[in-house]
Amino acid sequence: MTGKNNPIGLFDSGVGGLTVAHAISAILPDEQLLYYGDTAHLPYGDKSKETIVRYSKGIADFLLENSCKVILIACNSASANAFTEVKEHVGDRAVVLNVLDPVIDYVARQSDAKNIGVIGTKATIESNSYHDGILKLNPNLSVSSLATPLFVPMIEEGFVFDDISNAIIRAYLSGQELSDIDTLILGCTHYPIIRNQISRFFNFEVNVLDTARIVAEYLQGYLRDHNMLAQERAGENRFYVSDHTTSFGTIANMFFNEKINLQKRSVW
Ligand code: DGL
């Protein structure tokens with residue numbers, strides 16, 4: 001059994017999940033976060049399901065060793081391909097949550113949403129998880145999906161507010177697939193970093209969902225409903241990566257929006 005003040009563990013292939021970690025720390029400041037970025041294996045978006053499952057289970061073990069009460073898979077590619085396997089692997093040792101279900105629930109309940117667009121990595125889009133999940137809850141919606149695989153390397157390389165990122169955003173989003181949407185799901189935890197540019201591309205006429213905030217609010221509700229909210233902050237947030245590159249620290253600080261101290265730790 002883990003206690004209420006035990007940390008919330010999150011993981012992603014890299015820095016993307018820090019957008020979720022940041023949204024969580026903004027509304028749940030008493031929760032201690034333990035973040036693992038699998039930078040040695042980035043990107044997950046073009047890996048097979050089998051590989052994503054293997055990496056994810058290894059990280060789940062690391063988070064369990066650190067007594068996390070919740071393991072939040074803060075990566076859409078891993079949520080779409082490894083959630084069931086990680087949940088089964090973890091059993092009753094911790095609660096396992098993903099970043100897809102909160103967004104699917106949210107969208108299916110929006111009365112003004114009709115034509116939903118989803119963008120994400122190939123691993124997420126090809127799993128059809130958003131498409132099938134949304135239509136299961138609300139068959140009256142239409143869902144168009146598009147893989148935008150260049151966004152992750154573009155963001156990881158720091159091209160986020162310039163001509164290069166604007167050109168890539170335009171090249172992907174001006175296709176037929178997203179021409180009629182009223183709502184857009186950023187189905188990758190890296191993408192909130194370019195949310196403003198995407199909104200601007202659509203002349204602010206499309207509701208580009210703040211997926212990191214939706215996930216954080218879902219987690220808050222879950223902890224409250226299950227009487228698992230921390231009573232006091234047990235310690236500093238901790239951040240681990242499987243490999244350390246020179247640019248990574250700078251990008252990580254940009255994603256989390258405050259100074260963080262990264263430690264290298266291999267978990268396999
Ligand atoms: N941040 C990950 C996601 O949400 C994707 C990055 C990757 O391809 O590794 O899907």
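Read the numbers this way: they start at 1 and go in the same order the structure lists the ligands and their atoms.
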- Task: Identify the protein heavy atom lying closest to atom 8 (O) of ligand 1, giving its residue, its atom name and the separation to 0.1 Å.
- Result: Gly45 N, 2.8 Å
- Between Tyr240 and Phe62, what is the ring plane arrangement, given parallel below 30°, perpendicular above 60°, and tilted in between? perpendicular
- State whether the shortest distance between N or O atoms of Leu42 and N or O atoms of ligand 1 falls below 3.5 angstrom. no
- Query: For ligand 1, which atoms, with element, lie under 4.0 Å from some heavy atom of Asp12?
  - Reply: 1 (N), 2 (C)
- Query: Any heavy atom of Cys75 sitting closer than 4.0 Å to ligand 1?
  - Reply: yes
- Query: Are more than 12 heavy atoms from other residues, nucleotides or ligands located less than 6.0 Å from atom CG of Asp180?
  - Reply: no
- How does Asn76 reach ligand 1, by side chain, by backbone, by both or by neither, if only non-hydrogen atoms under 4.0 Å count? both
- Query: Where is the nearest protein heavy atom to atom 6 (C) of ligand 1: which residue, which atom, and how far?
  - Reply: Ser13 OG, 3.3 Å
- Query: Where on Thr189 is there a heavy atom closer than 4.0 Å to ligand 1, on the side chain, on the backbone, on both, or on neither?
  - Reply: both
- Query: Judged by atom type as modelled, is there a donor-acceptor pair below 3.5 Å linking the side chain of Ser56 to the main-chain atoms of Ala82?
  - Reply: no
- Could you tell me whether Lys4 and Glu31 have a side-chain N and a carboxylate O separated by less than 4.0 Å? no
- Note on the structure: If we number the atoms of ligand 1 from 1 as shown, the ones under 4.0 Å from a heavy atom of Thr121 are 5 (C), 8 (O), 10 (O)
- Message: Using a 4.0 Å cutoff against the non-hydrogen atoms of Tyr44, which atoms of ligand 1 qualify?
- Response: 7 (C), 8 (O), 9 (O)
- Task: State, yes or no, whether a side-chain contact exists between Thr183 and Val206 at a heavy-atom distance under 4.5 Å.
- Result: no
- Could you tell me whether the side chain of Val118 reaches within less than 4.5 Å of the side chain of Leu146, counting heavy atoms only? no
- Before accepting this row, confirm whether a basic side-chain N of the pair Glu217/Arg213 lies closer than 4.0 Å to the acidic partner's carboxylate O. yes
- Specify the protein heavy atom at minimum distance from atom 10 (O) of ligand 1: its residue, its atom name, and the distance to 0.1 Å. Ser77 OG, 2.7 Å
